[in-house]
Amino acid sequence: MTAVELNNVWKIYAGDVAAVKDVNLSIQPGEFVVLVGPSGCGKSTTLRMIAGLESISKGEISIGNRVVNDVAPKDRDIAMVFQNYALYPHMTVEKNIAFSLKISGMPKDDINKRVQNVSEVLGLHELLKRKPGALSGGQRQRVALGRAIARDPKVFLFDEPLSNLDAKLRIAMRTEMKSLHQRLATTTVYVTHDQEEAMTLGSRLVVMNAGQIQQVGTPIDIYNYPNNRFVAGFVGSPAMNFIEGKLRVKAGETHFSRNGLDIFTGSVSYLPDTESDAVIGVRPQSIMLVQKETPGAIAATVDQVEPLGDQMDIKVRIHDDTVIIARVPLQSGVDTGLQIHIAFDAEKVHFFENSKVGARLNRRS
Amino acid sequence: MTKDTKAAPYLFLAPFLILFLVFTLVPLFQSVPLATQHTFGPDASIDVGMEKFSRAFGDPRFWTALRNTLVFTTGSVLIQLPVALALALVLNRKHVLGRGIFRLLFFSPQLVGLVFVAVLAMVMFQKQKGLVNSILAGGADLIRGLPIIGGWLPSKSDILGIPWLETLAMPALIITALWMYAGFNMIYFLAALQNVPKELEEAAMIDGAGPIRRFFAVTLPSIKPVAIFVVLLSVIGSIQVFELAYIMLPEGMGLQDSGLTLVTYLFKNGFEIGDLGYATAIGWLIAALLSIAAITQRVLNRSEVRL
Ligand SMILES: Nc1ncnc2c1ncn2[C@@H]1O[C@H](COP(=O)(O)OP(=O)(O)OP(=O)(O)O)[C@@H](O)[C@H]1O
Ligand SMILES: [Mg+2]
């Protein structure tokens with residue numbers, strides 16, 4: 001049994017705007033799936049189609065093996081938390097949480113028990129008699145969460161629930177959401193544009209761009225083996241460096257050059273023989289400062305240094321003014337204008353086609 | 001702050017303050033003694049104490065005017081505002097074809113002005129040739145053939161002779177005011193509705209609330225402050241109803257005072273009969289009525305919630 005399934009789902013808005021294009025996704029019971037992608041990529045639209053707040057232009061959505069295309073939101077057994085929380089402003093916290101239970105005709109005693117349970121889980125006891133206007137952002141967020149939990153739905157749908165909180169609270173709530181999920185084990189679909197939030201929360205990520213799924217996988221998978229140039233650039237911080245050039249792979253020996261300069265030489269696993277235009281991708285974390293004599297060292301000039309505690313980001317420029325960002329252990333003496341040498345970790349370089357899609361060239365295994 | 005900049009706000013306010021002083025505040029203070037006087041022309045008067053007020057309470061025409069005014073006010077609030085809100089709800093939906101045109105159409109009586117609407121209404125409510133009676137008669141003809149209902153219908157000449165302006169003045173006034181002000185109040189409601197986050201309604205939808213419960217549990221409470229304000233405006237405006245009746249109705253009040261309102265009665269006493277003292281007393285009684293309305297609104301608004 002799957003908890004949620006999307007089959008060839010499309011959303012086409014008036015005026016031929018295709019916001020979601022042919023999405024296929026199968027979510028298992030108890031999974032925490034995060035839809036992540038840049039603004040406007042169709043995450044919310046996808047979520048809202050699952051919720052039933054948006055009609056499905058083409059394709060089929062099932063929840064718990066039942067096709068729900070024509071099922072009203074209230075009958076889909078889902079609960080949703082909105083970015084702006086959407087708490088009923090004139091109802092107390094207690095009434096907000098109890099609203100759906102009251103409508104469903106649950107006996108008063110059971111409702112009270114449920115509200116007590118939820119407020120225990122989320123620490124809402126002191127807030128029960130207050131109205132949303134008298135709560136802080138974090139407290140409102142908690143109440144919205146409580147309202148969703150109280151319904152005990154089959155699926156939780158979250159649309160950027162943390163993005164209205166300040167950075168510190170956001171990170172605290174992340175941890176809390178994670179432990180909440182571990183406790184309740186309810187299937188969750190979570191939307192965010194923040195790749196870091198996605199990586200920390202999701203048991204599986206769905207990376208979207210321009211209405212299409214780019215890659216589905218565990219956070220580690222997606223980080224280590226991005227399917228294409230978009231995913232590679234979107235996931236990870238600072239963003240991966242991309243350098244266009246010529247790739248030659250022969251007899252297990254990989255050679256990448258740009259404008260006549262050797263950028264990378266080494267043996268890269270699972271890279272088929274080729275001789276073509278390509279793009280090399282290197283995460284700033286996979287770049288080392290090395291001695292001039294080290295094989296594969298590239299000469300570079302330091303442009304900018306940003307210390308980050310025990311590490312630092314340095315922006316360097318190689319011979320043809322291509323800019324590369326590296327994250328290296330903090331060390332003194334590295335200053336603007338300094339001539340240094342860098343090298344790429346052969347285990348962690350990525351190669352992509354030099355095309356619009358930029359598909360990954362080095363296979364996984 | 002220099003002396004000049006301190007004076008600036010008052011300078012900007014000066015035109016209003018001067019006009020307010022001359023045409024509102026001074027007459028207001030003068031009207032206090034005036035309500036206790038009996039005047040003989042503009043210059044001569046004698047002090048009569050509270051007699052003008054006690055006269056009002058014993059004056060059947062005053063009570064008729066008060067009753068008519070309250071009927072008009074109740075009709076305005078109970079018919080016009082729900083209609084305005086319903087129009088706003090319909091126009092607030094995403095997929096309404098020609099939303100802008102409808103909005104303009106409903107608002108258009110405001111654009112042409114009260115006098116024009118009143119004159120038009122007078123023509124429409126006329127006996128025999130008036131549009132209202134003609135339509136009613138036409139409608140009656142259509143269903144005259146039906147069993148049972150057909151038998152109950154009055155004759156065509158009876159329908160054409162319905163004396164709206166003469167004896168059914170209040171319904172005619174209420175309908176005209178509906179036409180005149182529903183679109184205006186709709187704009188307030190529409191603005192309020194557009195400020196209700198759509199996620200609220202969606203959350204309620206997911207929580208299982210049907211359209212009616214969503215309206216009463218989510219939409220209405222969210223627009224309550226605006227709704228109370230619109231009710232107050234409507235009540236105050238209705239209590240002061242005058243021009244509409246004065247233009248539309250024969251003698252400005254219909255036959256047998258059927259359309260006599262408080263302000264019309266004030267006007268008749270003050271400017272046709274010339275009893276300024278009595279007119280002023282009625283004015284103060286109207287002011288008392290308005291104050292009650294305003295205080296009620298303040299009390300209701302105290303329970304207001306912020307979104
Ligand atoms: N009602 C609508 N009519 C037409 N186009 C729409 C409508 N709603 C959304 N879109 C378009 O669909 C695309 C996807 O929108 P969506 O809200 O799903 O993006 P998102 O990934 O959630 O972005 P964000 O991170 O900014 O919330 C956007 O290009 C948007 O402009
Ligand atoms: Mg969104």
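Side chains included, hydrogens not; waters and symmetry mates left out as well; all remaining heavy atoms used. Each chain gets a letter, A, B and so on, in the order its sequence line appears, and its residues count up from 1.
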Is the count of non-hydrogen atoms from other residues, nucleotides or ligands lying under 6.0 Å from A:Lys102 atom NZ greater than 12? no
Select one option (side chain, backbone, both, neither) describing which atoms of A:Arg76 are under 4.5 Å from chain B's heavy atoms. neither
Under 4.5 Å from a heavy atom of chain B, the part of A:Phe82 involved: side chain
Under 3.5 Å donor-acceptor, A:Lys131 side chain and A:Pro89 backbone: no
How are the rings of B:Phe106 and B:Phe102 set to each other: parallel, tilted or perpendicular (split at 30° and 60°)? parallel
Heavy-atom pair count under 4.5 Å with chain A, highest-scoring of B:Ala209, B:Ala203, B:Gly210: B:Ala203
Parallel, tilted or perpendicular for B:Phe184 and B:Tyr188, by the 30°/60° rule? perpendicular
What part of A:Leu87 is in contact with chain B, defined as an atom under 4.5 angstrom from a non-hydrogen atom: side chain, backbone, both or neither? backbone
Heavy-atom pairs under 4.5 Å with chain A, option from B:Glu201, B:Arg213, B:Met205 with the top count: B:Arg213
Does a donor on one side chain and an acceptor on the other come within less than 3.5 Å for A:Tyr88 and B:Asp207? yes
